[in-house]
Number of protein chains: 2
Amino acid sequence: MPRKSEQKSKEYTIKDVAELAGVSTATVGRVLGGYGSASHEATQAVREAANKLHYIPNGIAQSMKKKTTKSVGLIVANICNPYFSSIARIVESVLVKKGYNIIICNTDEDGDREISYLKMLYEKRIDGLMIASALKESERKDSQFNMTYKESIPTIIIDREISNLKFPTVASDNFRGAYEATSHLIKLGHKRIGIIGSTISTFFRRVEGYRQAMLDHSLPFDTNLVFNKSYKNVKPGDVSEGIYATKNLLKYREYRPTAIFALNNLLTTGVLIAVNDLGLKIPDDVAVIGWDDFDLASLLNPPITVVKQSTYNIATIAISRLLQQIENPNTILNEEKKVILSTELVIRGSCGSNVTY
Amino acid sequence: MPRKSEQKSKEYTIKDVAELAGVSTATVGRVLGGYGSASHEATQAVREAANKLHYIPNGIAQSMKKKTTKSVGLIVANICNPYFSSIARIVESVLVKKGYNIIICNTDEDGDREISYLKMLYEKRIDGLMIASALKESERKDSQFNMTYKESIPTIIIDREISNLKFPTVASDNFRGAYEATSHLIKLGHKRIGIIGSTISTFFRRVEGYRQAMLDHSLPFDTNLVFNKSYKNVKPGDVSEGIYATKNLLKYREYRPTAIFALNNLLTTGVLIAVNDLGLKIPDDVAVIGWDDFDLASLLNPPITVVKQSTYNIATIAISRLLQQIENPNTILNEEKKVILSTELVIRGSCGSNVTY
DNA sequence: ATGAAAGCGCTAACAG
DNA sequence: CTGTTAGCGCTTTCAT
């Protein structure tokens, strides 16, 4: 095999195939593209020629004509978060069956990055967008905001709602999930409950649920127990945020919360590590509840109680709605535009006795 | 704001901008594209016009001309595997800085899916490809095989080697990692060691390392202790494979291995669940070693000993080499084409005494 | 400094 | 059934 180095093998075009097959480019398009009709003879010749040249159609040129790219963008905070990777996985599996590709973008909860991703994706002329927005409420006041998201392209919002945008959205009932978790702790006798989150919108709703539960049970809402720092500068998969927050919360023995509610998996892990570092015992010294279930939750000692989101449903519903919009641009998704899925409190041992009430 | 419903707002083109600005399309291209030169006046007018129309350049048309798409494909087994999601995360973060997007493809270890993904990606005219191939050795004998991968497009192989292909590759030293883990168990007195993998190439190398270690210590290589079933039909994130394998391995008390070596995170979790189900204790009843480290490993009781891959290095080296190829197509990567990174045995408590020898 | 025009590879009328 | 041809939106010579 003579190595014609440097000589980048030319990409064959439909024209080359046409010449070799002795037909017109239109005919080649017809047999390869599967539209129109061609004689058996022509079909044969074209296939043969295409094979011989190892012809690979130029999707870019096709997109140019057809005005569709068969790709959708997925913007999430961090693909390393099992919650998002599960969604990506499920979404991709249904997309690929329809010939779509998925372009993944990690914002790290940075609004600016989100905007620049949006720009990239729109330039790429994606057919659809699925997004867990990192933009904070405040950043949306901006007058330019309305221009950031193109309402002309099919979009589905997941995980978090984006106010003043009329896209369909699929998310968990963050308020209720947190309300239930908090109530659970209260019923178990906890009065001082720490909660660890961050500045993203989803977490605000969860903190509200927590707050309401406290209030409804005549307990004070003490902001000292709310750790809501920003995620900035936290490396992906970095567990230190949760550790830091926990150590902070448990610093003063007398004010120490008797329970901690961590608002995502990474934070939960951080809490567990910190509690362990401090030589404290769960649930006797401090109870723990996490947001999002994980495989090892039931194997830890004690097993960890969690608020479980129906990730599968979120992903499935979201992608089916998005495809609906893509394939039928006139679909009006006005009614029932927002679907809020309930969460499930999975009670294991990390909050004390295994009550079932 | 009158809602001109249905009337899909027209995408503005460079021509619209040109007209509004009162210049030619060439000039618009020059100021927006940042090449050539334009008068201050023209520049001003163009920018204004572009802003007013919220003009978004058509990347497809650009790609058509420039013959570059600014996107790279990433083919992995399953993005839900923390090992792959970490790689994706790191790779994406360096790519985005250079204006590239990343298209993620999950093969689920299915060779056919890999081939169809490859086709999609090549049609999309990706600028580069990073791949952890799912193709088994046997599938590569196929005469068509050589045509499956286009040597004309920059490619980097990660995690597993693909024989007879002259692409650069970055992977862990699977043989050595497994050899060390197995030796560790042997030195701790284990003689019957079960190993759980699957039919993918990486795992073969690991089993070979295990085998060599056994042999070098005058222990028999007993295929009854090797669980190497196929992954087919296992759902993403499904832990049942590991559970099934473990229960199988531990079925007959008298032949029972005293240690189990699980070849990826998901399998490790399965092993832990199964062992727990069976009411056995780690490490007394059975020792456990896992492949790939994980945050909770040190929090489990006992903490789990693992073979740790330098995921960060794999991702970083791989992407830098890929970019090198993309940006400088004439780079000859002949020497040192293959980089094999060593693994690290992280000894915790799951194999018995915390020896350090 | 700027405009006209060719052309990237393909699809889809349209005409035959 | 098949070929000719006109673009899709942009970049980029080549003139001016």
Side-chain angles (χ1 to χ4, degrees), chain A residues 8-47 49-50 53-70 99 120 122-127 152, chain B residues 8-47 49-50 53-70 99 119-120 122-127 152-153:
Chain A
K8 203 165 179 173
S9 68
K10 189 219 178 207
E11 296 279 357
Y12 291 111
T13 72
I14 203 172
K15 207 171 151 193
D16 298 312
V17 178
E19 268 170 25
L20 184 57
V23 297
S24 73
T25 61
T27 300
V28 175
R30 279 190 274 258
V31 357
L32 261 29
Y35 52 90
S37 50
S39 69
H40 184 69
E41 230 174 27
T43 306
Q44 211 64 359
V46 169
R47 286 205 201 296
L53 300 180
H54 298 110
Y55 170 69
I56 297 177
N58 185 325
I60 298 296
Q62 292 176 324
S63 290
M64 185 94 174
K65 278 297 292 185
K66 303 213 242 182
K67 284 165 175 350
T68 158
T69 51
K70 285 289 182 177
M120 284 179 85
Y122 288 148
E123 288 189 359
K124 284 245 161 82
R125 295 298 192 261
I126 47 168
D127 289 344
S152 56
Chain B
K8 201 163 179 175
S9 68
K10 191 218 175 206
E11 295 280 357
Y12 291 110
T13 71
I14 203 173
K15 208 171 150 194
D16 298 312
V17 178
E19 269 170 24
L20 184 58
V23 298
S24 72
T25 60
T27 301
V28 176
R30 280 190 272 256
V31 357
L32 261 30
Y35 52 88
S37 51
S39 69
H40 184 69
E41 231 175 27
T43 306
Q44 210 64 1
V46 168
R47 286 204 201 295
L53 299 181
H54 298 110
Y55 169 69
I56 298 177
N58 185 326
I60 298 298
Q62 292 176 322
S63 290
M64 185 91 174
K65 279 298 292 185
K66 303 213 237 181
K67 285 167 175 349
T68 157
T69 52
K70 285 289 183 178
K119 190 167 155 284
M120 286 178 81
Y122 288 148
E123 287 188 2
K124 285 245 161 80
R125 295 296 192 262
I126 46 168
D127 289 345
S152 56
I153 107 146

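Sequence lines set the chain letters: A, B, ... in the order given, protein chains first and strands last, and positions in each chain run from 1.
Side-chain atoms of A/Lys70 never come within 3.5 Å of backbone atoms of B/Lys124 as a donor-acceptor pair (strictly under, hydrogens ignored).
The distance from atom CD1 of A/Ile60 to atom OG1 of B/Thr68, rounded to the nearest 0.5 Å, is 9.5 Å. In this structure, the separation between CG on A/Leu32 and OG1 on A/Thr25 is 12.0 Å, given to the nearest 0.5 Å. Here A/Glu11 contributes atom CD and A/Ile56 contributes atom CD1; the two are 7.0 Å apart, rounded to the nearest 0.5 Å.
Across every non-hydrogen atom of B/Ala21 and B/Ala45, the tightest pair is CB-O, 3.7 Å. Among all heavy-atom pairs drawn from A/Thr69 and A/Ile126, the shortest one is OG1-CA, 3.6 Å.
Residue A/Thr27 places at least one side-chain N or O under 4.0 Å from the OP1 or OP2 atom of D/dG3. In terms of phosphate contacts, A/Ser24 brings no side-chain nitrogen or oxygen within less than 4.0 Å of OP1 or OP2 of D/dT4.
For residues 40-47 of chain B, proximity to DNA chain D is found at no residue, defined as any non-hydrogen atom under 4.0 angstrom from a strand atom.
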Counting primed atoms, P, OP1 and OP2 as sugar-phosphate and everything else as base, the B/S/- map of nucleotides 6-16 of chain C against protein heavy atoms under 4.0 Å is -BBBBBB----
Practice prompt. For the pair A/Glu19 and A/Lys15, evaluate salt bridge (Lys or Arg N to Asp or Glu O under 4.0 Å) and give the outcome as yes or no after the intermediate values.
Written response: CA-CA 6 Å; A/Glu19 268 170 25; A/Lys15 207 171 151 193; 5.2 Å; no
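Contact check for B/Gln62 versus B/Asn58: no side-chain heavy atoms found under the 4.5 Å cut-off.
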